[in-house]
Amino acid sequence: MRKKRTTFAAVILIASLFMAQNINYAESVSERVVTTSGDSQEADQSSATESSRTQETLTKQESTTTDPEREGEKQSDATSSEPQTASANQQKNEAVTVPEGMEAVAEKDGLILYLKPETTEIAVKDQKNGAMWFSNPQDREQDTIATGYNKSQLNVQFELTYYDNTGNALKYDNFTHSVESGQFEVEKVEDGFNVVYTLGEVKSDIEAIPKYISEERFNTLILGKLQEKDQKEIEKRFKYDEENKRYERRDSSLKGVGLSKVTRIFESVGYDEAQIAIDKAAYGEEESGSASVIVPVHYRLEQGHLRVSIPENGIQYPDTMKIQSLSLLPFFGASGPKDKGYSLVPDGSGSLIYFNNKKTSVSPYSTALYGSDHAVNQLSQIQKEQKARMPVFGMSYGDKGYLAVIDKGDAVASVEADVSGRLNQYNTVHSSFSLSSMEEVTLTNGWRSSTVKRFQAQPFHNEMSVIYEFLSADDASYSGMASTYRDYLTEQKNLTRLGDDTELPFYVELIGGIPKKKFFLGIPYNAYESLTTFEEAQDILKEMQSLGVEDIQLRYSGWFNGGMHHDMPKSIDVDKKLGGAKGLQSLQAYTQENGFGLYPDVSFLEAFPEAKGFKKSYASRQITGKLAQLFPYYIASFTQENEASPGYVLSPEAVPGIVSGFMQDYKETGLTGLSLRDLGDQLNSDFNRANVINREQAKEVVMNQLEQVRSSDASLLVEGGNSYASPYARHIVDAPVSNSGFNITDEAVPFFQLVYHGFVQYTGQAWNMADDQDSHVQMLRAIETGSAPYYTWFYADPSAIKLTSFDALYSADYRRWIQESAERYKELRNVLQGVQNQTIVKHEKLAKGVYQTTYEKGKTVIVNYNDAAVEWNGTYVAAKSYWVGGDMPE
């Protein structure tokens, strides 16, 4: 009996092992469906089953309520499953095998780099979880959507767009114009390899045969050394020119087999490069002028990531070509129609594009990093979009993902993304780099006119590189991507954590003085209008203190050199109508005594209209040679107000001298804080043909100025928060808190806040200046993202801004807001106390309008933006309210 039981048990064991083997390894790559993490999409059906009452409540809310704080946000119909366990993920990824023809060329820090020499496509294996990442889709031949050119594009590792000397827009890619013709070389180096591509027409075989050759050289050097059969072959390929006593090559007969025969014959008689040069020199024959481009691409494994780069001055091409942009690895990690997950793009605070969202009727995502270049002429402004502040993008498949950081060349880079179904069956996200800018010029001669293209004199030639960080398990989400990027900033850019005693700040901007046009006996003249004197600023601060507001960080704008639109800041003259230097010192003493921050504001990157001290030599030049001017835009037509007095973009070459002069006077004031209006917000070129300064070089200038200012022990507050400026800042105002609402995107996420919380204190747009002035919704958003409150105020009567260019400040009368702002601040401080120096380890969407934020020491906040209450796993959250758990405040 015991023997029978033993036999039966053995049979069961063998069967179970066989079944387990099928489950673990039988799936193919194309059949595998990967789930998304809970960070991005709707709550999991299976977890909701565990709490049916919760699911019923949430389902009811989703069908009956709206999401007011995310108006314009695109929601996905797809639901996601909970992330699988690490062991299950590893078993799935182990099913991915190295494709045939790929060779391992480097192994380091848990990564293996593969190369397919015939096509130069690459793959990276992450040994932590067995995941394989490919530069090109491995099942691209089965793509039923892509045809012709689009089908061929699936093979490329980079693509160039350029204009020829006649103005035609053309494209080169490394597959069609290099790989297919074998015009590339692979060099293996330590921890990686280099590929040098030659794109376009290279010197063809026909170039080994002279176009013209003298009668004497033809008879003695060629025919005299050949047998009769070969002589006849050569004679029929040339025609004799009686007048010039020379032979001319018949190009029409030199194709295919005929060309091969003749080149072989010429080689046999020793006709080499030296002989070709003699014949070309004799008849003044020029080179063929074939347009060819040399592009080196370097792949390296380093510090646990893959770096893909194009070295400085690496791209070589003829002057007749005007290369506009280079797209790098456009299909790296591309997901297919069965994959579930999302792409992360740096739109505003961060945006997700869900795989296969079927939005093929709208434009793909494409946004330049750090906003527009004001030195490039912009006749119209179509929409006000959120700037891309961070040079990152990524993909999450749920159990695996990657974050890409544009490490070099980010100032000229863009991020592009698309979904399956438009040109092919893949979801993609990648970087591209602008190598040359262009403007069109209309030339008029009487009744005739024509438009020609003008290109910048010196194209971009700096290094371009992208770092790919590979993620797995819980890190394969936008929360994990944010943590990875934060680690990059701390290790590479010296981002430092806030102190343990850091409290939640209350940001307030007070407007000092503004320029105002007044009239005397009907004659207009420029005057100065005081909105908030230094004494009035103290009165506002005292009133805020009496209402229980603490840790005030005061940004004071319009305090010197003529107010908000100040004169050139090469020196400092504190505006007397505000109280002069003594009034400023009194305000400073008051803020120091009460532990507040004082940050007087200055602009270094533009000269305001009619600014004193401005010289045209300070201004950047457009590509056309004109001064780079700044005009306001009409709200109705989005076109420039050309009748208004213009401001000017300051050249990066002039900025260091201006900053140096300002800082000399600033040190004498004894001030310890400084607000930078544009050094962390704008990035502008100078296209002066004598000395082009591209955006990457302009970024280096800006960073040098930030370093200079910080070295003076000044605490910095910056506006906007472009990533290169953030490590220098103590505070960021006007940080992005949402996205641009592009149709291609599905979800706004607080990626920006996830990166910086605990390291830099931040706030979004002033609550009273935002489109949505509901301070309750603003407070909920601040609770969700760990942001501080922010208001812009002035003391004077609101009528003071009438008939000025500052009428947008109509809602900045502090009396309307101070009581409410104090109440919001105290409530917000009660929720966020004790976490100012903690990172946000996870942010996730629980359901429509319901978001959860978790801090590193356990505090958890759930925010409900809906008009009705929700219940989540036993937790009740009232309508338009929040719940705090974990590390609860006392």
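On a predicted model such as this, the values are computed, not experimentally measured, just so you know. Any value given below was found using the heavy atoms of this structure, including those in side chains, with hydrogens, waters and symmetry copies removed.
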- Item | Any donor-acceptor pair under 3.5 Å from Glu610 side chain to Gly647 backbone | no

For the pair Glu696 (side chain) and Glu700 (backbone), establish whether a donor and an acceptor sit closer than 3.5 Å, ignoring hydrogens and angles.
no

_Side chains of Asp407 and Tyr488: any donor to acceptor distance under 3.5 Å?_
yes

Requested in this report: Classify the angle between the aromatic ring planes of Tyr172 and His177 as parallel (below 30°), tilted (30 to 60°) or perpendicular (above 60°).
Outcome: tilted

- Task: Please tell me if the side chains of Val376 and Phe687 come closer than 4.5 Å, counting only heavy atoms from C-beta onward.
- Result: yes

Q: Flag the pair Asp347 and Lys387 as a salt bridge only when some basic side-chain nitrogen lies within less than 4.0 angstrom of an acidic carboxylate oxygen.
A: no

Between Gln458 and Arg689, the two heavy atoms sitting closest are NE2-O, 3.8 Å

In terms of heavy-atom contacts, does CD of Gln697 have more than 12 from other residues, nucleotides or ligands at under 6.0 Å? yes

Whether the Tyr365 and Asp418 side chains hold a donor-acceptor pair (N or O, under 3.5 Å, no angle test) is what I'd like checked.
no

field: Side-chain heavy-atom pair Gln753, Ser349 within 4.5 angstrom cut-off
entry: yes

Taken to the nearest 0.5 Å, the spacing of Asn704 CG from Leu706 CG works out to 9.0 Å

Under 3.5 Å side-chain donor-acceptor pair for Arg307 and Ser465: yes

Sub-4.5 Å side-chain heavy-atom contact between Ile315 and Leu326: yes

Quiz item: For Lys626, does the NZ atom sit with more than 12 other heavy atoms under 6.0 Å from it, leaving out its own atoms?
Solution: no

Check: Under the 3.5 angstrom rule, does the side chain of His374 hit a backbone N or O of Gln682 as a donor-acceptor pair?
Finding: no

Full working for side-chain contact (heavy atoms from CB on, under 4.5 Å) between Asn194 and Val297:
CA-CA 6 Å; Asn194 305 331; Val297 182; over 6 Å; no

TODO: Check whether more than 12 heavy atoms from other residues, nucleotides or ligands sit under 6.0 Å from atom NZ of Lys408, and answer yes or no.
DONE: no

*asked:* Is a donor from one side chain sitting under 3.5 angstrom from an acceptor on the other, for Asn174 and Gln157?
replied: yes

Partner of Leu674 under side chain to side chain contact (heavy atoms under 4.5 Å, CB included), picked from Leu598, Leu716, Asp601, is Leu716

For His565 and Ser805, the nearest pair of non-hydrogen atoms, with its separation, is CE1-OG, 4.2 Å

Contacts satisfying side chain to side chain donor-acceptor pair (under 3.5 Å) that involve residues 714-726 (not counting sequence neighbours) are Tyr370-Ser723, Arg389-Asn722, Arg555-Glu719, Tyr599-Ser715, Asn722-Tyr724, Ser726-Tyr756

**Near-ring test Phe608/His566, centroid separation under 6.0 angstrom** = yes

All heavy atoms of Pro364 vs all of Ala417, minimum pair found to be CB-O, 3.5 Å

Donor-acceptor side-chain pairing of Ser740 and Gln386 below 3.5 angstrom: no

CG (Leu531) and CE (Met564) are apart, to the nearest 0.5 Å, by 9.0 Å

Test side-chain hydrogen bond (donor to acceptor under 3.5 Å, both in side chains) on His731 and Tyr762; report intermediate values, then the result.
CA-CA 6 Å; His731 305 277; Tyr762 52 81; over 6 Å; no

query = When you check the side-chain N and O atoms of Thr161 and Ser325, is any donor under 3.5 Å from an acceptor?
reply = yes

Problem set entry | Ser620 side chain to Ser685 backbone, donor-acceptor under 3.5 Å | yes

Distance col, row Arg695:CZ vs Asn684:CG, nearest 0.5 angstrom, shows 7.0 Å

Closer than 3.5 angstrom, by distance alone: can the side chain of Ser660 be matched with the main-chain N or O of Gly657 as a donor-acceptor pair?
no

Of all heavy-atom pairs linking Ala375 and Val649, the shortest is N-CG2, 4.5 Å

| said: Below 30° counts as parallel, above 60° as perpendicular, anything between as tilted: where do the rings of Tyr648 and Phe614 land? | reply: parallel

Verify side-chain hydrogen bond (donor to acceptor under 3.5 Å, both in side chains) between Glu469 and Thr484, making sure each step is shown before the conclusion. CA-CA 8 Å; Glu469 298 273 5; Thr484 301; over 6 Å; no

Original post:
Please walk me through it: do Ile572 and Trp559 pass side-chain contact (heavy atoms from CB on, under 4.5 Å)?
Top reply: CA-CA 10 Å; Ile572 295 176; Trp559 60 281; 3.8 Å; yes

Could you go step by step and tell me if Phe455 and Tyr163 meet the ring-ring contact (aromatic ring centres under 6.0 Å, His included) rule? CA-CA 10 Å; Phe455 302 91; Tyr163 287 91; 5.7 Å; yes

Q. Short question: side chain of Asn561, backbone of Ser571 - any donor-acceptor pair under 3.5 Å?
A. yes

Review point. Is the closest side-chain heavy-atom distance between Phe752 and Ile732 below 4.5 Å?
Key: yes

So OH of Tyr728 and NZ of Lys493: to nearest 0.5 Å the spacing works out to 8.5 Å

- With no hydrogens and no angle check, is any side-chain donor or acceptor of Asp575 less than 3.5 Å from a backbone partner on Leu578? no

Looking only at heavy atoms, the pair that brings Ser292 and Thr198 closest together is CB-CG2, 4.4 Å

Review point. So Tyr468 and Phe332, would you call those rings parallel, tilted or perpendicular, with 30° and 60° as cut-offs?
Key: tilted

Kindly indicate, with the supporting measurements, whether the criterion salt bridge (Lys or Arg N to Asp or Glu O under 4.0 Å) is fulfilled by Lys570 and Asp665. CA-CA 9 Å; Lys570 293 189 70 174; Asp665 284 7; over 6 Å; no

query = So do Pro600 and Leu671 actually touch side chain to side chain, heavy atoms under 4.5 Å?
reply = yes

Does the side chain of Ile658 reach to within under 4.5 Å of the side chain of Met568, using non-hydrogen atoms?
-> yes

*Residue pair Thr490, Thr496: steps toward the side-chain contact (heavy atoms from CB on, under 4.5 Å) verdict*: CA-CA 6 Å; Thr490 56; Thr496 56; over 6 Å; no

Exercise for review: Kindly indicate, with the supporting measurements, whether the criterion side-chain contact (heavy atoms from CB on, under 4.5 Å) is fulfilled by Leu369 and Met390.
Suggested key: CA-CA 7 Å; Leu369 297 179; Met390 295 183 167; over 6 Å; no

Do Tyr162 and Val293 come within less than 4.5 Å of each other through their side chains, counting heavy atoms only?
-> no

Practice item. Give the ring-plane orientation class for Tyr485 versus Phe751, where under 30° counts as parallel, over 60° as perpendicular and anything between as tilted. Key: parallel

Taken to the nearest 0.5 Å, the spacing of Leu679 CG from Phe604 CZ works out to 6.5 Å

Value for CG (Asp686) from CD (Gln622), rounded to nearest 0.5 Å, stands at 11.0 Å

Heavy-atom nearest pair, Val659 first then Gln705, reads CB-OE1, 3.7 Å

Within the structure provided, determine whether Phe460 and Ser434 are in side-chain contact (heavy-atom separation under 4.5 Å). no

